[in-house]
Protein chains: 2
Amino acid sequence: MRVRLEDVARRAGVSPKTVSRVLNDEANVSDATRKRVTEAMEAMDYRPLSSARSLAGNRSFLVAMLYDNNDNPASTYLAEIQDGVLEACDAHRYNMMVRPLRMRGEDFVRRLDAVISDHHPDGIVLTPPITDYAPLLKRLRERQVPFASVSPVSRENNIGVAMDEQLAARTMVEHLLSLGHRRIAHVSGIADHGASRWRLAGYREAMAAAGLVEDPALVVQGAFTFASGVAAARQLFALKKRPTAVFAANDDMASGVMWVANERGMKVPQDISVCGFDDIPLARQLWPALTTIRQPSREMGKVAALQLLEVLRGRGPGRLVEMPFSLEVRDSTASPA
Amino acid sequence: MRVRLEDVARRAGVSPKTVSRVLNDEANVSDATRKRVTEAMEAMDYRPLSSARSLAGNRSFLVAMLYDNNDNPASTYLAEIQDGVLEACDAHRYNMMVRPLRMRGEDFVRRLDAVISDHHPDGIVLTPPITDYAPLLKRLRERQVPFASVSPVSRENNIGVAMDEQLAARTMVEHLLSLGHRRIAHVSGIADHGASRWRLAGYREAMAAAGLVEDPALVVQGAFTFASGVAAARQLFALKKRPTAVFAANDDMASGVMWVANERGMKVPQDISVCGFDDIPLARQLWPALTTIRQPSREMGKVAALQLLEVLRGRGPGRLVEMPFSLEVRDSTASPA
DNA sequence: GACACAATTGACAGCGCTGTCAATTTGCAG
DNA sequence: CTGCAAATTGACAGCGCTGTCAATTGTGTC
């Protein structure tokens, strides 16, 4: 039969409640007792039954990671974040569950409610763009479910992890400027995503700082997908005055731009420079290897989860951690002809 | 306060046990009673508390998906499978948890034991190559944890999902042969993975059927990664008698082969045909778009999980479902010069 | 209409743990 | 030593559900 808390208590010569205290790392247990109990637990290979702990203690040891799977069926970005969140949860013996939450339709908040009512997660990790949907955040606060965000738009009242994407985008465009490019196009992401706004803002900031007047034709709306990158590139390359460089708001769209360049017989980077953002594995697999901004997604997932866990474990309020980015100059950018 | 089973019972005018029976879809409840209880549940928006159900009923409603994360940090293939498993679990109100399980070192089985002891999953979904590690399967059977496999090597005593990968590989090579290729190389995967064996066997079968004698120099060992595809291609292209086509055992390796071709100034498909296997999103993003075998990974994850759930819900024994593949002819293959 | 038997329903205990609160021990000032 | 507060420990009930088994109701047969 399985070893129960009661069995450990008997062996350690204490009451079950004391073992419970040690298990939950509570204060007010003498060192001697704590040691004795810990030894008994190890000797008996005691494994607490989480359903019993949940029922009695009214908590679930569950962290839910929410994501929008509208256009992200199996995105590498999310897989990496998930990996990081999982690592953090494991370290503190929390379970992780992943929940797609299609951000479409009226009943979005109701589906969040269902997740909470059905699974009672102790806390939630939000990924973009769910991080910024006000009604949902409101509901989470109402229901008092702690949450941490990955790259939220607002830095106020948020814990989790962020990166200075605007500065990163600006750095990327400055790289293109330093190569001598002046007609630099931007393929943006879904308009209301924070990532799109920051990256566009960084582009504009760099262009303005270089004294260039923005040509509206050079800014094309995309949707973070390969297909939208293809469409945007077709539009840009049909211009009378073509750009000499294209900065896409993520790597998937950049790959679409490169694809169209190839299709038209344009050489990258000789005829056109292309760069992206995120540094997913694809970036190195393309020919030529894609110049991009490295975003440490896995680490970001981990850090966001750790902030949440700090709150869940009553260890502190958690904070919004700023992660560093880096410009990865590879072979898809060069000086214009 | 939350609605409990007892509250539903009172409203429906029956005993709690009867509500429990309806909740668990048990036999021996009269239609009239079942209807009354169901209505009461809905009217009150009753949400059973899974920790209480688990504790009392000694089951967890948990399906664990195990994967080997040695070289698969955030593979698209696994992300798609996970997505399918999740959909199936959701449909039957089971929870899903993902567990990386590094298949290295002695304590591999012990780590499986820990997962079972800590989380008590009702069932497990195995992904390659974990599907074929005998000591692990033995342990699962000893501990009586039902499991279903995705693409297991052995079709005996296994439920889950499979694809005729050997036939698929043969079909791919026949496509190359029909284009006129004779010197066809193969970049294989990790030697003891079923996928590698089947794909290599299909290659050999097709070559033999065409009356060609195998040139050992044309079969290079890879490891399913981009980097290993690059290394293999360098080796192949250094040959005095180069291949005119390369069939890589997966898309990531194929992209490595294409990368090296580009590096050497070889045109795909004019100078060399390249093809892969799996049809991950990358395949369409490469230039030229990669000819490959489409494997419906998401669907396979779903079907494997459904077989497992059939067992868990006592609905039947489950079976090994055969999935169809398809040859996706794109632009990376053509007749040799 | 009486009987045997099957189908349906309910009473009750208890799953393994933790919250509450009371009892006991310890530490320390005087 | 004594007295008192703080620290430590324990007794006990109960979290919300299901397994077991007994009680009740329905069904078919002669």
Side-chain angles (χ1 to χ4, degrees), chain A residues 1-38 40-41 44-62 93-95 117-120 122 312-314, chain B residues 1-38 40-41 44-62 93-95 117-120 122 312-314:
Chain A
M1 215 24 227
R2 77 174 287 116
V3 177
R4 290 157 309 154
L5 184 141
E6 187 193 340
D7 305 319
V8 175
R10 200 171 306 118
R11 170 157 181 154
V14 296
S15 75
K17 178 68 224 196
T18 297
V19 177
S20 168
R21 275 191 267 259
V22 172
L23 180 62
N24 291 290
D25 210 19
E26 286 173 23
N28 292 335
V29 177
S30 74
D31 290 347
T33 306
R34 192 181 298 275
K35 181 156 173 289
R36 201 142 35 88
V37 171
T38 305
M41 281 177 168
M44 303 178 85
D45 191 28
Y46 170 63
R47 308 292 182 136
L49 188 63
S50 66
S51 54
R53 296 227 279 166
S54 299
L55 180 59
N58 195 34
R59 61 203 161 142
S60 61
F61 301 96
L62 219 207
R93 319 209 98 221
Y94 269 70
N95 300 325
S117 301
D118 286 340
H119 304 287
H120 298 278
D122 288 341
L312 299 186
R313 310 196 321 134
Chain B
M1 216 24 229
R2 75 174 289 116
V3 176
R4 291 157 308 155
L5 184 139
E6 187 193 340
D7 305 319
V8 175
R10 199 171 306 119
R11 170 157 181 154
V14 297
S15 74
K17 178 70 225 196
T18 298
V19 177
S20 167
R21 276 191 268 259
V22 172
L23 180 63
N24 292 290
D25 212 19
E26 286 173 21
N28 294 334
V29 177
S30 74
D31 289 346
T33 306
R34 193 182 296 275
K35 181 153 172 293
R36 204 143 33 87
V37 170
T38 305
M41 281 178 170
M44 305 178 84
D45 191 29
Y46 170 63
R47 307 293 182 135
L49 189 63
S50 65
S51 53
R53 296 228 279 165
S54 298
L55 181 59
N58 195 33
R59 58 201 164 148
S60 61
F61 302 97
L62 219 206
R93 320 208 99 223
Y94 269 71
N95 300 326
S117 301
D118 286 339
H119 305 287
H120 298 278
D122 287 341
L312 298 187
R313 308 196 323 133

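All values below were derived from every heavy atom in this structure, side-chain atoms included, with hydrogens, water molecules and symmetry-related copies excluded. From a predicted model like this one, the values you see are computed outputs, not experimental measurements. Numbers restart at 1 for each chain; the letters A, B, ... are given by sequence-line order, proteins then strands.
Distances shorter than 4.0 Å separate none of the side-chain N or O atoms of B/Y46 from OP1 or OP2 on D/dG16. For C/dG16, the OP1/OP2 oxygens have no side-chain nitrogen or oxygen of A/R47 closer than 4.0 Å. For B/R53 and D/dG16, the shortest distance from a side-chain N or O to OP1 or OP2 is not below 4.0 Å.
Distance CZ (B/R10) to P (C/dG10): 14 Å, rounded to an integer number of Å. Computed from coordinates, the A/L5 CG to D/dA11 C1' distance equals 15 Å when rounded to whole Å. Taking atom NZ of B/K17 as the reference point, atom C1' of D/dC21 lies 11 Å away to the nearest angstrom. Here the C1' atom of nucleotide C/dG14 and the CG atom of B/L55 are 9 Å apart, to the nearest Å. Atom P of nucleotide D/dC17 and atom CD of B/E6 are separated by 9 Å, given to the nearest angstrom. Counting to the nearest Å, the P atom of D/dC15 and the CZ atom of B/R2 are 13 Å from each other. One can place CZ of B/F61 at 17 Å from P of D/dG16, the figure rounded to the nearest angstrom.
No more than 12 heavy-atom neighbours from other residues, nucleotides or ligands sit within 6.0 angstrom of CG on B/N58.
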Protein proximity profile, nucleotides 4-9 of chain C - base contact B, sugar-phosphate-only contact S, no contact -, cut-off 4.0 Å on heavy atoms
---SBB

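Counting any heavy atom pair closer than 4.0 Å across all strands shown, A/L49 reaches sugar-phosphate atoms only and no base atom. Looking at heavy-atom distances under 4.0 Å, B/N58 makes no contact with the nucleic acid at all.
A donor-acceptor pair shorter than 3.5 Å can be found between the side chains of B/H120 and A/R2.
Residues A/S20 and B/A52 each lie close to DNA chain C; by heavy-atom proximity, the contact nearer the 5' end of the strand is made by B/A52. If B/G57 and B/P16 are placed on DNA chain C by their nearest nucleotide, the residue sitting closer to the 5' end is B/P16.
B/R34 has a carboxylate O that lies under 4.0 Å from a charged side-chain N of B/D25, or vice versa, which qualifies the two as a salt bridge. Of the charged side-chain nitrogens involved, none lies within less than 4.0 Å of a carboxylate oxygen, so that B/D122 and B/R59 do not count as a salt-bridged pair.
A heavy-atom distance below 4.5 Å is not found between the side chains of A/S51 and A/L55. When side chains are defined from C-beta on, A/M41 counts as touching A/L23, because their heavy atoms get closer than 4.5 Å.
Cation-pi contact between A/R53 and A/F61: present, with separation from the ring centre below 6.0 Å and deviation from the ring axis of at most 45°.
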